[in-house]
Amino acid sequence: MELTGAQALIKSLEMQQVEVMFGLPGGAILPVYDPIIDSSIRHILVRHEQGAGHMAEGYAQVTGRPGVAMVTSGPGATNIVTPLADAYMDSIPLVVVTGQVATSAIGTDAFQESDITGITMGITKHNWLITDGADIPRVVAEAFHVATTGRPGPVLIDVPKDVAIKPMEWYHPGPSDLDLPGYHPLTEGDPVLVRQAVEMLLAAERPVIYAGGGILKARGAEALRELAERTGIPVVTTLMARGCFPDSHPLCLGMPGMHGNYTAVTAMQRSDLLIALGSRFDDRVTGRIDAFAPEAKIIHVDIDPAELHKVRHADVAIAGDCRLVIDEMLVALADLGLPHSDATRGGSGGAPSDAVSGAPATAGSVAASHPRERLIPWRAQLSQWQGRFPLVYDQQPGSGALKPQFVLEALRDATPDDTIVASGVGQHQMFASQWWQFDYPYTWVNSGGLGTMGFAVPAAIGAKVGRPDKMVWAVDGDGCFQMTAQELVTASSERIPVKIAILNNAYLGMVRQWQEMFYEERYSEVYLSPDLPDYVGWAEAMGCVGIRVDSTEEVASAIDKANDIDDRPVVIDFRTDAFEKVFPMVAAGASNDDIIVDPSLTEGDGR
Amino acid sequence: MSVYGTDKRHHTLTVLVENKSGVLARVAGLFSRRGYNIFSLAVAPSDNERFSRITIVVDVESSPLEQIIKQLDKLIPVVSITELDPERSRERELLLATVEAAADTRGQVIQLVGVFEGKIVDVGPDRLTVMLAGAPTKLDDFEDLIRAYGIVEMQRSGRVALPMLDRSGEHLAPPRPESPVALTTEKAG
């Protein structure tokens, strides 16, 4: 069967079960847009190519399927560079198709030419420049394979205009057609190392499971829960892992890191064993690395061998898929005499048995001393910290300035438990992660590694496209909102009813916080004005419902009103306290031992 | 003088890559963006036309060798990576130099080239261009000695290397990169 390169490309995407793609046409990609008219794939026309990339990321994060975006050459391609970098940092599977000038014009500085494979080499898992139409079915199959297997990540396919126009002979690429002699992603962990790891975790006195985004990528939330409940080991969930272990679970300590809660941060600092599952010892988690968890032995499980020993030497380093390795751990636990969790599941355990000791774990001693009982002193210490250093804020009633945390608590309590929350980057992101209760995996969509302001609105749109059955709220800052708000036009015209809560403090709030704390209150270029733009007017101009909220009394009714609207996007402009800061905080470059908690918690004790 | 030879900070990696356009840029780009230093680089087709071999001498003071190898391994067109221990491999470079050789010193220069088993590849009225292939330390020594006569221009190639053979004819370590057991690290995504 003879097809044009463009038809072969769209057919290849259909064969990958692509149901939706996000994009914006232009000169070089024009031929590929023609067969879209006849395709089963839904195309969502964005207003800026960055929006297409973040929508594809939001879609991928909530569905687990690769997000697909298509843009033209030159500026179209460079506009999607930020989402590619974002997806690369957060290991999100994306397939981005870019148009390219004709092969005869490549290298001549032709109109709308840019070397996008060169530009994105360092921020994609791999990329391809197709020079022969016959390669199209194979390369598309390779691209989806590379994006979704091993450590997931973004890939890019660059398609010159003449390749899209010329006819080629269609074929169905089979597994043997994939030409990837250097790509063999890992899956299962080494059983010897798994056994060692399990013996270590059964012998530990102060263990903490340090769960990262890799748990979600591996679809390993249930396996993680089984591991935690069977061993009684408490769990911290990093910013990328929020929702992989329920916040409401008694073993959940919440988020660690620069703005993590005191107990999560300090539990890691004092622990004697960190079980890092799909996490990568990011500087935002560890603080000053040479002062991080000084007494802890490390078990590190990651599908990317390059993450093992990269930042912190691991005592047991297991390269493999997190879910499969946890499953192997569960089998090893059973072998060592620790079968399924019982009625004390998740609780603090029964009365201590006579066998609580710190003896090295051999199969015999482990069987005699249930780890949940051994961990009673550690769990008691954690509970004491939780009681002493909770997350706090001070909302004055009546005319007092509206606190962002108050808004988030109201929003959390007024929405379904499985609501998907997308956020931008900054104070609002940290408040959202701290104050939301994430009880389900794939309900938190955010830009972790790259820290991309403007992520929330398009990511929320992509998430709603992927999960139309769920309520999707974006929690955004006023600075972030102004970066990508135009995509609400896309949402309105495509009838994608996302809801946006702007925590409008009239500042680039996180930068302002740093200038207040570390630059002697010298505020440089951080003031944005609460009224410019007019957010309600802007929302309405974009086809959304706009609501403004100034005081605590208006919060609940505005949220209820937004929740009831299901035929268009809603934007609520919450006018929040400009002076509120995110606590706890570990200053950049400081040790996690020097965590700064909310000043109200230390009044009078000189801390 | 220049320690161009067997510095402890230097390790030799032979990297088998797919013979596709842009592969060298991917490898070089990885080194620059992760802050690794390339000390010397040689690229040539391998005995299989699908693959090329890149021989990289890395300066491991800039970062741990293990991390360099693992990051290289993540590049999709990289098929295998072998680290060659300088003590257990044969390393060679090529040196070309144009040297001042007026009538009064010409004989000494020619003699020096002869001692090092080099060749004279071009002759001018008062200059010679000489060629020397050999182990990096030998080239270092030659360079130091010839400098006294005046080096007009000099070029040294990137290093190439193969593992030593043992008496049974096998490579001592590690074996040929094409063979799966030769992988320094297993390929992984």
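In the text below, chain A, chain B and the rest are named by the order of the sequence lines, each starting its count at 1.
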Can you confirm whether more than 12 heavy atoms, excluding those of K297(A), are under 6.0 Å from its NZ atom? no
Are the side chain of E18(B) and the backbone of G182(A) linked by a donor-acceptor contact shorter than 3.5 Å?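 Between the backbone of G182(A) and the side chain of E18(B) there is no qualifying donor-acceptor contact (under 3.5 Å).
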Closest non-hydrogen atom pair, [X] against [Y]:
X: P181(A); Y: R50(B); result: CG-NH2, 3.7 Å
X: G122(A); Y: R33(B); result: CA-CZ, 3.4 Å
X: G22(B); Y: M121(A); result: O-CE, 3.9 Å

Any side-chain heavy atom of K70(B) sitting closer than 4.5 Å to one from H309(A)?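 When only atoms from C-beta onward are counted, H309(A) and K70(B) do touch, with a gap below 4.5 Å.
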Could you check if a side-chain atom of K74(B) sits within less than 4.5 angstrom of a side-chain atom of K125(A), using non-hydrogen atoms only?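 A side-chain contact under 4.5 Å is absent here.
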side-chain contact (heavy atoms from CB on, under 4.5 Å) with A87(A): which residues, sequence neighbours excluded?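 By the side-chain contact (heavy atoms from CB on, under 4.5 Å) rule, A87(A) matches E57(A), I92(A), L94(A), P154(A).
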If I measure from the heavy atoms of chain B, does L308(A) come under 4.5 Å with its side chain, its backbone, both, or neither?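 For L308(A), backbone and side chain are both near chain B.
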Sequence neighbours excluded - side chain to side chain donor-acceptor pair (under 3.5 Å) pairs with any residue from residues 23-32 of chain B: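 For residues 23-32 of chain B, and leaving out neighbouring residues, the side chain to side chain donor-acceptor pair (under 3.5 Å) pairs sorted by first residue read N127(A)-R26(B).
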Using 0.5 Å steps for rounding, measure from the NZ atom of K310(A) to the CD atom of E66(B).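 Answer rounded to 0.5 Å: 12.5 Å.
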Spacing of CG belonging to D179(A) relative to CD1 belonging to I76(B), to within rounding of 0.5 Å: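 So the gap between those two atoms works out to 12.0 Å.
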